[in-house]
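Numbers here are sequence positions counted from 1.
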Amino acid sequence: MSEKQHKKEGILSPVSGARQIAVWQRDALQQPQPDWLAEEVPVALVYNGISHVVMMATPKDLEAFAIGFSLSEGIIASPADIFGIDVVTVCQGIEVQVELSSRRFMALKEQRRAMAGRTGCGVCGVEQLAEIGKPVEPLPFTHSFALEHLDHALNQLKSFQPVGQLTGCTHAAAWVTPAGELSLGCEDVGRHVALDKLLGMRSKEPAAAGAVLVSSRASYEMVQKSAMCGVEILFAVSAATQLAVEVAQRCNLTLVGFSKPGRATVYTHPQRLL
């Protein structure tokens, strides 16, 4: 449903992750009108009582975010390494309190990094350059995708962005089946967070063939997060960076940019595409 439709129908309470405020339009500066904004709050991931990272995020699907971030950052090997998750509202934001297995928590303490998250930036505050790139096992070649189904997948992407449709302010990440259907999807003001949420959701499902589709550009970290979670094919609506292509080539990930109706630019490993 569009923003105008929401206003016309007089919906007073926003969808989860959005808030309503008064704004002034260029052609009507004398009369404020209601409008919707995507929420953006500090979300701290706290492992066994120790705060590890603070990211700016849309406050929804935060359990999935915690699982996906933990997987894509190599903090855990599987969701079974997490014994419990509590989402707690605090005075300045939200804490997602994660109880890790003792083995994983000890490993995390040894490699812990200080990282102050900002929207759209997943490596702000990394203490040393050597910490940016994590070794990723080369992916197998077990998945394939027929590009004739890409347009159908793109047409469904907004259905996973209720906040985005209301505000025009979120990225989306979705899992695409080989038939071009979107089976899972998440949104967030940050593209990395949206991807982590999707990877967390996908980890709870039985492994299935398919690909990830993101509404953003493909930075190196989007590629690395996907590869860390076993994703073999990544479609990005916008361009890829040079480093993203290098990482994708090295870890055997099929990277496709400019994924738009009737268009796709394949950067690496085209053999998975039909």
Side-chain angles (χ1 to χ4, degrees), residues 68-77 115 120-124 126 129-151 153-154 157 171-178 180 182-186 188 190-203 207-274:
F69 180 90
S70 301
L71 287 166
S72 68
E73 293 291 316
I75 295 171
I76 61 174
M115 185 168 70
C121 181
V123 295
C124 298
V126 171
L129 289 175
E131 294 176 349
I132 291 178
K134 299 180 182 65
V136 180
E137 290 293 324
L139 295 163
F141 287 83
T142 60
H143 294 180
S144 62
F145 189 86
L147 288 176
E148 63 184 10
H149 298 312
L150 179 58
D151 290 2
L154 289 165
L157 194 56
H171 285 294
W175 183 254
V176 187
T177 71
L182 301 191
S183 60
L184 295 170
C186 298
D188 199 274
R191 66 186 190 278
H192 298 103
V193 179
L195 178 59
D196 277 332
K197 288 178 178 180
L198 172 68
L199 296 173
M201 285 188 175
R202 181 174 172 263
S203 71
V212 165
L213 171 62
V214 295
S215 65
S216 63
R217 69 183 184 273
S219 61
Y220 106 89
E221 195 177 32
M222 302 289 277
V223 170
Q224 181 153 299
K225 283 178 175 292
S226 298
M228 286 286 289
C229 293
V231 174
E232 296 185 26
I233 305 171
L234 175 62
F235 291 102
V237 168
S238 191
T241 67
Q242 166 264 331
L243 185 55
V245 173
E246 287 187 10
V247 173
Q249 183 67 42
R250 189 164 60 244
C251 66
N252 291 348
L253 182 139
T254 297
L255 178 59
V256 184
F258 295 110
S259 302
K260 300 180 181 184
R263 183 183 178 189
T265 299
V266 183
Y267 297 104
T268 59
H269 302 293
Q271 57 267 47
R272 289 191 181 92
L273 303 175
L274 309 177

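With ring centers used as reference points, Phe69 lies 6.0 Å or more from His192.
Here the CG atom belonging to Leu253 is positioned 12.0 Å from the CZ atom belonging to Arg250, to the nearest 0.5 angstrom. How far CG of Leu195 is from OG of Ser226: 4.5 Å, rounded to the nearest 0.5 Å. The distance from the CG atom of Leu273 to the CG atom of Leu150 is 9.5 Å, given to the nearest 0.5 Å. Here the straight-line distance linking atom CD1 of Ile75 with atom CE of Met228 works out to 9.5 Å at 0.5 Å rounding. Here the CG atom belonging to Leu157 is positioned 10.5 Å from the OG atom belonging to Ser259, to the nearest 0.5 angstrom. Note that the CZ atom of Arg272 and the CG atom of Leu255 stand 11.0 Å from one another [nearest 0.5 Å].
With contacts defined as side-chain heavy-atom distances shorter than 4.5 Å, the pair Phe145/Leu274 does not qualify. Taking 4.5 Å as the limit, some side-chain heavy atom of Val237 sits within range of a side-chain heavy atom of Leu154. Side-chain contact between Gln224 and Val136: present, with at least one pair of heavy atoms (C-beta onward) separated by less than 4.5 Å. With contacts defined as side-chain heavy-atom distances shorter than 4.5 Å, the pair Phe258/Phe235 does not qualify. At a threshold of 4.5 Å between non-hydrogen side-chain atoms, the residues His149 and Pro178 do not count as touching.
Summarising the local packing, CD of Gln271 is surrounded by more than 12 heavy atoms from other residues, nucleotides or ligands at distances under 6.0 Å.
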Take Leu234 and Val223 through the side chain to side chain contact (heavy atoms under 4.5 Å, CB included) test and state the conclusion after the steps.
CA-CA 7 Å; Leu234 175 62; Val223 170; 4.1 Å; yes
Begin from the C-alpha positions of Asn252 and Phe141 and carry the test side chain to side chain contact (heavy atoms under 4.5 Å, CB included) through to its verdict.
CA-CA 8 Å; Asn252 291 348; Phe141 287 83; 3.7 Å; yes
Intermediate values then yes/no, side chain to side chain contact (heavy atoms under 4.5 Å, CB included), Arg191 and Val214
CA-CA 8 Å; Arg191 66 186 190 278; Val214 295; over 6 Å; no
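In terms of heavy atoms, Glu73 sits closest to Glu221 at OE2-OE2, 3.7 Å. When all heavy atoms are compared, the tightest approach of Ser216 to Ala236 is O-CB, 3.5 Å.
Of the possible polar contacts, none joining the Thr241 side chain to the Ser219 backbone as a donor-acceptor pair under 3.5 Å is found. The backbone N or O of Ser72 lies less than 3.5 Å from no partner atom in the side chain of Asp196, so there is not a single donor-acceptor pair.
Each of Arg202, Lys225, His143 was checked for a side chain to side chain contact (heavy atoms under 4.5 Å, CB included) with Val231, and the lone residue meeting it is Arg202. Residue Trp175 forms a side chain to side chain contact (heavy atoms under 4.5 Å, CB included) with just one option from Leu213, Leu198, Leu199, and that option is Leu198.
There is a side-chain donor-acceptor pair under 3.5 Å between Thr142 and Glu232.
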